[in-house]
Structures are given as structure tokens and as C-alpha cells.
Amino acid sequence: PIRGHDEEKAVSSVSTPKENCKSRVEVSASLELRLRLRRPRALPAHRDIRGSVLILDLSGFTALGERLKSELGDSEGAAEFAFRVNTILSTMVERVYQFGGD
């Protein structure tokens with residue numbers, strides 16, 4: 001919330017023409033945002049590292065699960081689905097390890 005001297009400064013810098021009136025909540029939110037943007041916070045502690053990220057999208061993931069469930073039943077469908085997904089992910093993890101990832 002806006003308090004003290006900052007509040008007075010912020011309120012005095014706002015002019016709202018009658019033809020373009022905003023609710024008090026909108027004006028307050030706008031003031032709060034402007035004050036927060038004027039006072040940048042320090043960045044959190046960090047360290048630079050060298051690395052890579054693997055992003056993998058399994059296309060048809062949901063459809064495969066539903067199809068296996070309908071063809072094989074709940075238990076067997078879930079087991080087959082887990083086996084297939086595990087095979088794909090294991091292959092990807094092996095490639096990550098091959099190139100020095102962890």
C-alpha cells in the first residue's frame with residue numbers, strides 16, 4: 001500500500017478529467033504500480049552457470065493414453081502407457097548424459 005509522503009506525492013501528481021473518470025480502485029492500483037516501478041528492487045543473489053535445457057513435447061500424449069485405456073483396459077492401458085513414455089524419456093535422458101548433462 002501507498003503510505004506517507006509517497007502517497008501525497010502520488011495523489012498530487014494524478015489528474016483525472018471528469019470526462020475520463022476512473023474508479024478509485026483503478027486509480028489506486030495505477031498509483032501503486034507506478035510507485036513500485038519507480039523503486040526497483042535489488043536482484044536476488046545469483047551465479048552464472050553454463051548449461052543446456054532439453055524441452056520435450058510428446059505429441060499425442062493424451063490421445064495415446066486414452067486409446068491404450070480403451071483398447072487394453074484401465075490397468076493394462078496404464079502399464080503400456082507408462083512403458084512407452086518411460087522408453088521415450090529414457091532415450092532422451094541417455095542423450096543428455098552422452099553430451100555431459102545431468
Pairwise distance [atom1]([X]) to [atom2]([Y]) - rounded to 0.5 angstrom:
X: Leu58; Y: Met92; atom1: CG; atom2: CE; result: 9.0 Å
X: Leu68; Y: Arg84; atom1: CG; atom2: CZ; result: 5.0 Å
X: Thr91; Y: Asn86; atom1: OG1; atom2: CG; result: 9.0 Å
X: Glu94; Y: Phe99; atom1: CD; atom2: CZ; result: 12.5 Å
X: Phe61; Y: Ile88; atom1: CZ; atom2: CD1; result: 9.0 Å

Going by the rule salt bridge (Lys or Arg N to Asp or Glu O under 4.0 Å), which residues pair with Arg67 if we only count those two or more places apart in sequence or in a different chain?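 Testing Arg67 for salt bridge (Lys or Arg N to Asp or Glu O under 4.0 Å), a comparison that skips the adjacent residues, returns Glu71.
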Find out if a path of hydrophobic residues (ILVMFWY) with successive side-chain heavy-atom gaps under 4.5 Å connects Phe83 to Val93.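 Different clusters.
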